[in-house]
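The block underneath contains the structure these notes are about, expressed in structure tokens.
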Amino acid sequence: MFISFSLRGAICRYWGMAVVALPLGIVACGSDDPLSFDPVNIDDDEAPLCAEVPVTEKVEGELRGLPKRDVPVDATREPRKVRMTPPQEHWQMQVGVLALSPDWQDMLAIEHVLAPMGIPYAKTTAPKLALQHDIAMFFPDAYEESFHTTDIEAMANFIGKGGVLVWRDSDVTFLRDLAGVPASTFGLHHSSVRLTKEGEAAFPSLDQPEERELPLGGGPEEFLNTWTLEVDPAAEGVVVLATFEDGTPAIVRRNVGPAVIYTMGVDFRDVVIRNQLGYPLDGAARGYINVFEPATDAWLLMMRDIYDAHARFGVRLHTAPNGLSGALLISHDLDWGPSYDRSAVYAAREAALGASTTYFAHTKYVDDVQDLAFFTRDRGCQLADFLRLGHAVGSHSVAHSKMLELFEVGDGTEEYPTYAPYNSSPYETQWGTLYGEVRVSKSLIDGSLDAAGVSHETVSFRAGELSYHADSPLALDRVGYRTDSTQAVGVVLTNFPYRLMTSWPAIQDTDVFELPVTLEDELPPRLDLRVEQALGIITKNARNGAPTSFLIHPNVTDYKLAAEEQVLAALPKGVAAMSVDAFSRFWRARDAVTFTLIDYNVLEGTLTISLRPEEAIEGLTLRVAEVLEAVSEPAGAVLSPPEDGGRLLVLPDLPAGEEVHIVLHY
């Protein structure tokens with residue numbers, strides 16, 4: 001049976017099942033929505049009908065004659081190099097990061113802390129240059145021999161003028177004397193970090209129990225690098241902000257006149273980079289999925305709180321578009337034949353509710369023990385309907401193997417139909433490669449959409465069974481993906497997007513961003529019985545400015561769809577539902593925004609900010625201090641009322657490559 005609900009927007013096409021009454025006249029969200037949809041512009045009279053698509057031929061258990069598109073592999077793409085900031089690009093309002101490690105890759109930890117928080121920073125190997133900023137960070141190590149007499153004099157001047165130093169404890173005598181931490185003990189086994197009452201006041205973003213006690217994990221023979229800090233009892237202005245589980249100091253703050261020094265006894269390479277690589281120690285996670293897990297996020301939020309408390313005017317990039325507090329990123333995995341058909345109901349209903357979602361398409365074309373092949377020729381028309389409704393389409397691999405993480409990498413020549421992975425059991429897949437999974441699935445999705453009259457570029461990927469391959473960052477990058485959403489929150493302990501990195505130990509950033517999966521629908525209890533739990537997690541993430549990614553398998557259209565509708569109807573204020581792809585586009589463009597000036601005029605009471613977006617961006621929002629009361633440039637910018645000690649400045653849509661000047665008044 002084939003039924004077409006066309007009208008303007010091609011609401012739904014429904015195959016082989018009972019007819020479902022769908023709402024007519026649905027339109028995709030326009031420019032007034034948090035992130036406007038981008039529905040495919042196709043005249044309904046010219047849109048191809050799936051009823052006209054030839055039946056797909058199957059030969060010896062394999063679907064033949066599927067449309068495909070060539071997918072080039074750009075072998076010249078390499079990981080991103082860590083770059084020191086040229087002196088002329090430094091300015092007063094940035095954080096100055098002093099990089100003294102001989103391994104510049106160590107700077108990734110600082111970049112993965114500061115960049116997601118939108119904090120403007122500069123990296124340098126010159127101590128005096130780092131000390132020209134309001135806030136200086138010495139990371140990961142400081143060395144006595146790195147500081148000459150003039151550097152020590154510059155440090156004294158920095159402290160005298162009220163500078164703020166954040167450093168990881170190192171064996172530098174004059175810094176330890178300034179910090180009131182005369183010594184430390186390295187290598188003791190610690191299992192958690194807990195905020196003190198003073199720490200709770202210093203880090204207001206960490207207002208949940210899960211944020212105030214952070215598990216480190218690890219058994220007796222496996223532990224993170226920690227430094228148990230010794231506090232000088234004679235030093236004035238010393239406060240312990242966090243302790244290890246045995247009560248010994250883990251984070252110490254000292255006020256020295258107008259200056260403030262924060263000493264960290266934990267290494268960001270361990271509590272941020274290790275986690276984002278997917279290698280947290282056992283016990284560091286409080287659950288695999290369907291939990292509020294901020295064990296990585298908390299360290300980012302600490303630095304954001306330090307910045308907001310001490311940086312003059314506190315200019316930084318907000319973490320959500322258009323002044324939102326957060327976002328719900330709904331996605332659907334089409335990993336079963338009937339799921340394609342039943343998704344028509346979801347797609348129409350979501351559009352009616354003003355939500356965009358991402359549909360990850362499993363391109364199965366080989367019969368095996370897992371399932372019959374179901375990526376037939378008419379799938380392109382179904383996917384085109386989702387796009388017409390303002391949704392997005394991504395890849396969900398070819399084999400959908402539980403064992404993808406063990407696949408050979410392949411050579412990038414894999415193509416349909418000669419690439420034919422076969423699941424011989426739930427835990428064994430033959431003839432599969434990583435490049436085959438990411439390249440061939442993209443080829444078939446975009447080829448099928450070509451055949452349906454829709455030009456499309458698949459740029460988002462989710463591995464079947466959330467099986468993450470350590471070599472996927474560079475493989476995805478070279479094949480043209482820009483987003484991955486495979487890692488579960490309990491693996492990486494973060495809800496914020498981050499750049500995927502090449503594997504340990506030679507870690508380097510790629511141009512692919514990971515959007516971890518926080519919520520899903522398969523584990524008990526049933527999804528409709530844990531709507532309140534889901535809303536609680538969404539609310540907690542939004543308080544941090546973090547998105548929440550929600551995976552729903554559209555294998556049924558009753559209780560799961562009802563649960564999704566309940567969540568959408570009760571979203572916290574300031575949270576909007578959008579696709580993984582839509583948020584990823586925003587985040588990528590935000591990441592490519594460069595501050596070129598942050599300057600103030602005391603006589604005129606103005607703050608001038610200049611920035612340059614390398615990519616066009618919609619809804620870019622700045623967080624500024626509450627003291628700023630009005631904005632006069634650019635036209636269309638909107639300054640919010642004060643909240644939590646700051647204001648949000650929503651900028652108009654910005655084109656790529658053009659410098660934008662912002663004038664605020666205080």
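Side chains included, hydrogens not; waters and symmetry mates left out as well; all remaining heavy atoms used.
Counting non-hydrogen atoms of neighbouring residues, nucleotides and ligands closer than 6.0 angstrom, the CD atom of Glu145 exceeds 12 such neighbours.
Of the possible polar contacts, none joining the Thr149 side chain to the Glu153 backbone as a donor-acceptor pair under 3.5 Å is found. The backbone N or O of Ala99 lies less than 3.5 Å from no partner atom in the side chain of Thr125, so there is not a single donor-acceptor pair. Side chain of Glu405 to backbone of His469: no donor-acceptor contact under 3.5 angstrom is found. Between the side chain of Arg590 and the backbone N or O of Leu317, at least one donor-acceptor pair lies under 3.5 Å. Judged purely by atom type and a 3.5 angstrom limit, Arg316 has no side-chain atom pairing as donor or acceptor with the backbone of Leu622. Within the 3.5 Å criterion, the main-chain N or O of Arg168 finds a donor-acceptor partner in the side chain of Ser170. A donor-acceptor pair under 3.5 Å links the side-chain atoms of Arg647 to the main chain of Ser640, judged by distance alone. Tyr279 places no side-chain N or O within donor-acceptor distance of the main-chain N or O of Ile273, the cut-off being under 3.5 Å. When atom types are taken as modelled, the side chain of His189 and the backbone of Gly218 share a donor-acceptor pair closer than 3.5 angstrom. With Thr243 contributing its side chain and Thr248 its backbone, the two residues share no donor-acceptor pair below 3.5 Å.
A side-chain N or O of Asn495 and one of Thr518 form a donor-acceptor pair less than 3.5 Å apart. Between His665 and Thr606, the side chains place no donor N or O within less than 3.5 Å of an acceptor N or O (distance only, hydrogens not considered). For the 3.5 Å distance criterion, the side chains of Thr76 and Arg478 fail to qualify, holding no donor opposite an acceptor. A donor-acceptor contact under 3.5 angstrom links the side chains of Thr228 and His190, judged on distance only. Judged by distance alone, the side chains of Arg312 and Tyr600 do bring a donor and an acceptor atom under 3.5 Å apart. Between the side chains of Thr185 and Trp227, no donor N or O sits under 3.5 Å from an acceptor N or O.
A ring-centre distance under 6.0 Å is found for Phe147 and Phe138. The distance between the ring centers of Phe313 and Tyr666 falls below 6.0 angstrom.
Cation-pi geometry between Arg176 and Trp167 is not met: the NZ or CZ atom fails to fall both under 6.0 Å from the ring centre and inside 45° of the normal.
With rounding to the nearest 0.5 angstrom, the CG atom of Leu597 is 4.5 Å from the OG atom of Ser610. One finds the OG atom of Ser184 at 3.5 Å from the CG atom of Asp169 (value rounded to the nearest 0.5 Å). How far CE of Met501 is from CD1 of Ile507: 6.0 Å, rounded to the nearest 0.5 Å. If you take CZ on Arg623 and CD1 on Ile119, they are separated by 10.5 Å, rounding to the nearest 0.5 Å. We find the CG-CG distance between Leu108 and Leu277 to be 9.0 Å, quoted to the nearest 0.5 Å. Atom CG of Leu129 sits about 8.5 Å away from atom OG1 of Thr85, to the nearest 0.5 Å.
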side-chain contact (heavy atoms from CB on, under 4.5 Å) evaluation trace for Asp151 with Lys128: CA-CA 6 Å; Asp151 298 324; Lys128 285 192 287 293; 3.1 Å; yes
Verdict with reasoning, Lys442 to Glu457, per salt bridge (charged side-chain N to carboxylate O under 4.0 Å, His left out): CA-CA 8 Å; Lys442 178 181 173 74; Glu457 182 74 19; 2.8 Å; yes
Verdict with reasoning, Asp141 to Ser101, per side-chain hydrogen bond (donor to acceptor under 3.5 Å, both in side chains): CA-CA 6 Å; Asp141 301 288; Ser101 171; 5.4 Å; no
Thr486 vs Glu514, side-chain hydrogen bond (donor to acceptor under 3.5 Å, both in side chains): CA-CA, chis, key distance, verdict: CA-CA 8 Å; Thr486 296; Glu514 178 70 24; 5.2 Å; no
CA sep, side-chain torsions, deciding dist, call: Thr608, Ile662, side-chain contact (heavy atoms from CB on, under 4.5 Å): CA-CA 6 Å; Thr608 302; Ile662 303 160; over 6 Å; no
Residues Tyr262, His310; criterion ring pair (Phe, Tyr, Trp, His ring centres under 6.0 Å); working and verdict: CA-CA 12 Å; Tyr262 293 84; His310 300 293; 5.7 Å; yes
Verdict with reasoning, Asn275 to Val492, per side-chain contact (heavy atoms from CB on, under 4.5 Å): CA-CA 5 Å; Asn275 293 347; Val492 294; 5.5 Å; no
Pair His90-Gln132, side-chain hydrogen bond (donor to acceptor under 3.5 Å, both in side chains): steps then yes or no: CA-CA 9 Å; His90 286 246; Gln132 290 180 5; 5.9 Å; no
Pair Asp477-Arg482, salt bridge (charged side-chain N to carboxylate O under 4.0 Å, His left out): steps then yes or no: CA-CA 7 Å; Asp477 200 355; Arg482 292 294 169 258; 3.1 Å; yes
Audit row: Asp484, Arg462, salt bridge (charged side-chain N to carboxylate O under 4.0 Å, His left out) steps and yes/no: CA-CA 6 Å; Asp484 182 70; Arg462 173 176 292 151; over 6 Å; no
Worked verdict on Asp581 versus Ser460 for side-chain hydrogen bond (donor to acceptor under 3.5 Å, both in side chains): CA-CA 7 Å; Asp581 289 63; Ser460 56; 3.1 Å; yes
Audit row: Val271, Thr296, side-chain contact (heavy atoms from CB on, under 4.5 Å) steps and yes/no: CA-CA 6 Å; Val271 295; Thr296 300; over 6 Å; no
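A salt bridge between Glu89 and Arg83 is present, with a side-chain N of the basic residue lying under 4.0 Å from a carboxylate O of the acidic one. A salt bridge links Arg212 with Glu200: the closest approach of a Lys/Arg side-chain nitrogen to an acidic carboxylate oxygen falls below 4.0 angstrom.
The closest side-chain heavy-atom distance from Pro516 to Tyr498 is below 4.5 Å. You'll find the side chain of Arg274 reaches within 4.5 Å of the side chain of Leu281, heavy atoms only. Looking only at side-chain heavy atoms (C-beta outward), Val479 and Val71 come within less than 4.5 Å of each other. Looking at heavy atoms from C-beta onward, Tyr435 lies out of side-chain contact with Asp411 at the 4.5 angstrom threshold.
When all heavy atoms of Gly314 and Tyr307 are compared, the pair lying nearest together is C-CE2, 3.8 Å.
Evaluated for a salt bridge (charged side-chain N to carboxylate O under 4.0 Å, His left out) with Glu111, the options Lys123, Arg269, Arg499 yield exactly one hit, Lys123. Of the residues Asp305, Asp308, Asn544, the one that meets the side chain to side chain donor-acceptor pair (under 3.5 Å) test with Ser205 is Asp305. With respect to Val113, the side-chain contact (heavy atoms from CB on, under 4.5 Å) criterion is satisfied by exactly one of Met302, Met137, Met303: Met303.
Using cut-offs of 30° and 60° on the angle between ring planes, the pair Phe268 and Trp299 is perpendicular.
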